[in-house]
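See below for the structure under consideration.
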Amino acid sequence: MKLYQAIAKRTENLSKEKGLSQYKVAQLAGTYQQNINRLINGEIHNVSSVLVWNICCAFEITLKEFYDDPLFDEIDD
């Protein structure tokens, strides 16, 4: 799994866990819904650390909590 794929899957999983739509995540993260949609669909290959930080803020979690997931144990790039 590529890093951008793991970030996308983690974002999708957190959205489901928290019961938040892509639109609501985008609102809370201070970005456009299209950006969250493109991220989750794997269209953004170079995910910025700022976007990940803003997503963490939207979910009210730390970066450590975001990356503390088995998805990130499978990175091959």
Side-chain angles (χ1 to χ4, degrees):
M1 178 178 296
K2 304 290 183 197
L3 179 59
Y4 75 90
Q5 293 169 319
I7 292 171
K9 190 65 178 168
R10 180 70 168 139
T11 302
E12 182 180 31
N13 291 346
L14 285 167
S15 296
K16 288 177 183 175
E17 281 177 31
K18 305 271 186 179
L20 298 176
S21 67
Q22 289 181 10
Y23 177 77
K24 189 62 176 177
V25 172
Q27 266 189 324
L28 294 170
T31 190
Y32 297 105
Q33 189 260 335
Q34 179 184 6
N35 290 337
I36 300 299
N37 181 269
R38 289 180 61 231
L39 171 71
I40 289 174
N41 289 330
E43 297 172 22
I44 301 176
H45 292 207
N46 294 313
V47 183
S48 75
S49 56
V50 172
L51 180 56
V52 174
W53 170 252
N54 289 339
I55 289 169
C56 289
C57 291
F59 292 128
E60 298 180 337
I61 63 172
T62 65
L63 283 169
K64 184 178 189 299
E65 290 170 314
F66 184 86
Y67 287 112
D68 188 21
D69 188 276
L71 287 168
F72 297 98
D73 295 338
E74 304 169 22
I75 303 302
D76 62 11
D77 69 339

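Count residues from 1 along the sequence.
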Write out all pairs satisfying salt bridge (charged side-chain N to carboxylate O under 4.0 Å, His left out) with one or both partners inside [range], taking only residues at least two apart or from two chains.
range          : value
residues 31-60 : Arg38-Glu43
residues 45-55 : none
residues 47-59 : none

Spatial distance of atom CG (Leu51) from atom CD1 (Ile44) [nearest 0.5 Å]: 6.0 Å

Sorted by chain and residue number, the side-chain contact (heavy atoms from CB on, under 4.5 Å) partners of Ala29 (sequence neighbours excluded) come out as Thr31, Asn54, Ala58

Name all residues meeting the side-chain contact (heavy atoms from CB on, under 4.5 Å) criterion together with Ser49; count only those two or more places apart in sequence or in a different chain, and write none if there are none.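 Listed in chain order: nothing, the list is empty.
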
Going hydrophobic residue to hydrophobic residue with side-chain gaps under 4.5 angstrom, can you get from [X] over to [Y]?
X     : Y     : result
Leu39 : Trp53 : yes
Tyr32 : Ile40 : no
Ile55 : Leu63 : yes

Is it the case that more than 12 heavy atoms not belonging to Asn46 sit under 6.0 Å from its CG atom?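 No, not enclosed.
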
With Phe59 via ring-ring contact (aromatic ring centres under 6.0 Å, His included) - residues at least two apart: none

Which residues share a salt bridge (Lys or Arg N to Asp or Glu O under 4.0 Å) with Lys9, sequence neighbours left out: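 With sequence neighbours excluded, Lys9 shows a salt bridge (Lys or Arg N to Asp or Glu O under 4.0 Å) to Glu12, given in chain and number order.
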
List the residues meeting salt bridge (Lys or Arg N to Asp or Glu O under 4.0 Å) with Glu65, not counting sequence neighbours, and say none if there are none.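 Applying salt bridge (Lys or Arg N to Asp or Glu O under 4.0 Å) to Glu65 gives none.
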
Pairwise side-chain contact, Lys18 with Ile61, heavy-atom cut-off 4.5 Å (strictly under):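 Lys18 reaches Ile61 side chain to side chain.
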
Return each pair, listed once, that meets ring-ring contact (aromatic ring centres under 6.0 Å, His included) where at least one residue sits in residues 1-22; pairs must be two or more places apart or across chains. Tyr4-His45

Kindly list each side-chain donor-acceptor pair under 3.5 angstrom involving residues 66-76, sequence neighbours excluded, with atom names and distances?
residue	atom	partner	partner atom	Å
Asp69	OD1	Leu71	N	2.9
Asp69	OD2	Arg10	NH1	3.3
Asp76	OD2	Met1	N	3.2

Show me, pair by pair, the donor-acceptor contacts under 3.5 angstrom made by side chains of residues 19-27, not counting sequence neighbours?
residue	atom	partner	partner atom	Å
Ser21	OG	Tyr23	N	3.4
Ser21	OG	Lys24	N	3.0
Gln22	OE1	Gln33	NE2	3.2
Gln22	OE1	Asn37	ND2	3.0
Tyr23	OH	Gln27	NE2	3.4

